[in-house]
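See structure below.
Numbering of ligands and ligand atoms starts at 1, following listing order. In this chain, numbering begins with 1 at the start of the sequence shown.
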Amino acid sequence: MAGKDDTPPSGDDSTRLIRAGGGPRPLPRTVGPAIQRGSTVLIARAADLYDHSSAPTYGRAGLEAQAALREALAQMEGGCDALLYPSGLAAISGVLLALLKSGDELMVSDGVYNPTRRFCDVVLRRFGVEPRYFRPDAAAEDVLAMISPATRLILMESPASLTFEMQDVAAIVSGARRRGVTTAMDNTWGAGLVFKPLAHGVDISIQALTKYVGGHSDLFMGAAAVADPALAATLSDSAWDIGWSVAPEAAYDMLRGLRTLPVRMARHQESGLAVASWLREQPEVIEVLHPALPGAPGHALWARDYSGCCGLFGVVLRPAPTAAVHAMLDRLRLFGLGFSWGGFESLAIHCDPQFDKRRFRADRGGPVVRLHIGLERPDDLIGDLRAGLDAYAGR
Ligand SMILES: Cc1ncc(COP(=O)(O)O)c(C=O)c1O
């Protein structure tokens with residue numbers, strides 16, 4: 001134990017074993033950070049017990065592995081810090097709880113992830129914060145025209161993770177800034193890699209690391225990256241006050257995922273575009289909702305702002321009963337049916353049951369299926385989807 005005499009006064013094992021093996025020793029350097037498991041942090045000198053300025057004094061603040069992940073995420077996002085939260089939803093709720101107070105209004109894209117909407121409608125309303133929704137593909141001036149004196153924050157999600165509408169982030173942000181309104185964006189689709197919210201002026205770049213950064217469908221975590229140290233302190237204080245923390249093993253695994261993110265994203269992009277382009281040609285398909293596909297909704301904004309894309313997109317099918325959608329999804333062998341995305345595996349869901357909460361319900365002309373294209377061989381996935389579409393068409 002640093003700074004203490006380890007010799008038990010009585011030579012008794014119960015005292016000896018409490019301290020045995022705890023001598024300070026320099027850590028050999030490995031490629032990954034040390035996984036320090038600790039709620040207690042031992043402070044060498046009594047005079048430093050309440051000095052929280054240079055190092056954590058309690059493990060909930062995060063130790064070596066969490067610090068390494070924060071630093072790496074901040075570098076990827078081009079920010080000064082990236083706060084960690086136990087899930088993507090916790091990162092979103094954490095940002096909103098840190099910045100909003102009773103009487104404030106929050107503007108939210110109507111295409112937002114459903115649990116985010118539920119947090120706004122159920123929890124924030126209970127605390128006197130009013131969410132107001134804007135069309136997920138609204139022109140920036142229409143979004144800005146909704147700002148009232150009570151508007152404190154604008155939360156974007158672009159593209160929307162079920163229907164893939166894009167927001168003109170830079171135009172919304174510059175108008176919001178002129179009016180003194182803070183902006184935040186759920187950038188899980190961009191993964192902090194193919195779109196850089198902070199470089200486009202967004203104040204807080206949020207993502208569910210659970211998806212692409214984790215990459216293996218077995219971890220939960222969220223991050224909020226910022227460029228302004230004062231904002232970082234506000235978010236950090238609030239996360240501390242609420243009591244959130246992230247385990248060192250999870251931070252280590254997340255950092256491991258980050259190392260291969262660019263390689264995996266390139267493959268998701270290439271395979272996703274190949275499958276999306278093929279789907280466009282199929283007679284059962286009305287439209288493919290993939291902003292990186294030329295001619296698709298939101299493509300101009302994607303082409304202006306993005307350096308790439310991920311493997312998540314939507315498909316609008318020709319009208320048919322829900323039973324046909326179920327027949328298609330049940331025929332798929334390589335696509336699992338599951339709500340997450342960003343892992344190595346391909347997934348599919350039927351989206352329509354999630355649309356009833358939306359304020360603006362655009363009729364897309366037929367049922368919407370969302371696909372996540374994993375790291376499998378694209379031709380195998382195409383064969384699987386062809387069989388699914390046969391089932392859809394009753395063949
Ligand atoms: C766009 C988006 N944001 C946030 C989340 C929440 O992430 P988590 O499941 O880690 O809370 C999800 C999860 O599906 C998502 O799709």
key: atom 14 (O) of ligand 1: nearest protein contact (heavy atom, Å)   = K211 NZ, 2.7 Å
inquiry  = Among all the protein's non-hydrogen atoms, which is closest to atom 7 (O) of ligand 1, and how far away is it?
reply    = A208 CB, 3.3 Å
ask   = Is the distance between the ring centroids of H268 and H372 under 6.0 Å?
value = yes
key: Atom indices of ligand 1, in the order listed, that fall short of 4.0 Å to a heavy atom of S161   = 1 (C)
ask   = When you look for heavy atoms under 4.0 Å from ligand 1, do you find them on the side chain of Q207, its backbone, both, or neither?
value = neither
query = What atoms of ligand 1 come closer than 4.0 angstrom to any heavy atom of F220?
reply = 9 (O), 10 (O)
ask   = What do you reckon, does G88 have a nitrogen or oxygen under 3.5 Å from a nitrogen or oxygen of ligand 1?
value = yes
Polar atom proximity, E157 to ligand 1 (N or O, under 3.5 Å) = no
query = Where on T188 is there a heavy atom closer than 4.0 Å to ligand 1, on the side chain, on the backbone, on both, or on neither?
reply = side chain
message = Counting only heavy atoms, tell me which of L89, N187, D186, V112 gets closest to atom 1 (C) of ligand 1.
response = D186
request  = May I ask you to decide whether D356 forms a salt bridge with R361, counting only side-chain N to carboxylate O separations under 4.0 Å?
outcome  = no
key: salt_bridge(D81, R70) N-O dist < 4.0 Å   = yes
inquiry  = Using a strict threshold of under 4.0 Å (side-chain N to carboxylate O), is an ion pair present between E105 and R132?
reply    = yes
query = Is any side-chain N of the basic residue among E165 and R364 closer than 4.0 Å to the acidic one's carboxylate O?
reply = yes
query = Taking N or O atoms only and a 3.5 Å limit, does F339 qualify as a polar contact for ligand 1?
reply = no
ask   = Should you measure from each heavy atom of T210, which atoms of ligand 1 turn up under 4.0 Å away?
value = 8 (P), 10 (O)
key: Residues R118, D121: salt bridge by 4.0 Å N-O rule   = no
request  = Please confirm whether F164 and H290 have ring centers closer than 6.0 angstrom.
outcome  = no
note = Ranked by distance from atom 6 (C) of ligand 1, the top protein heavy atom is Y113 CE2, 3.4 Å
ask   = Are I172 and V108 connected in a single hydrophobic cluster, I mean Ile/Leu/Val/Met/Phe/Trp/Tyr linked by side-chain heavy atoms less than 4.5 Å apart?
value = no
remark   = Contact region, W341 to ligand 1, non-hydrogen atoms below 4.0 Å, reads side chain
query = Measuring from R395:CZ to R386:CZ, what's the distance to the nearest 0.5 Å?
reply = 5.0 Å
key: N or O pair under 3.5 Å between R370 and ligand 1   = no
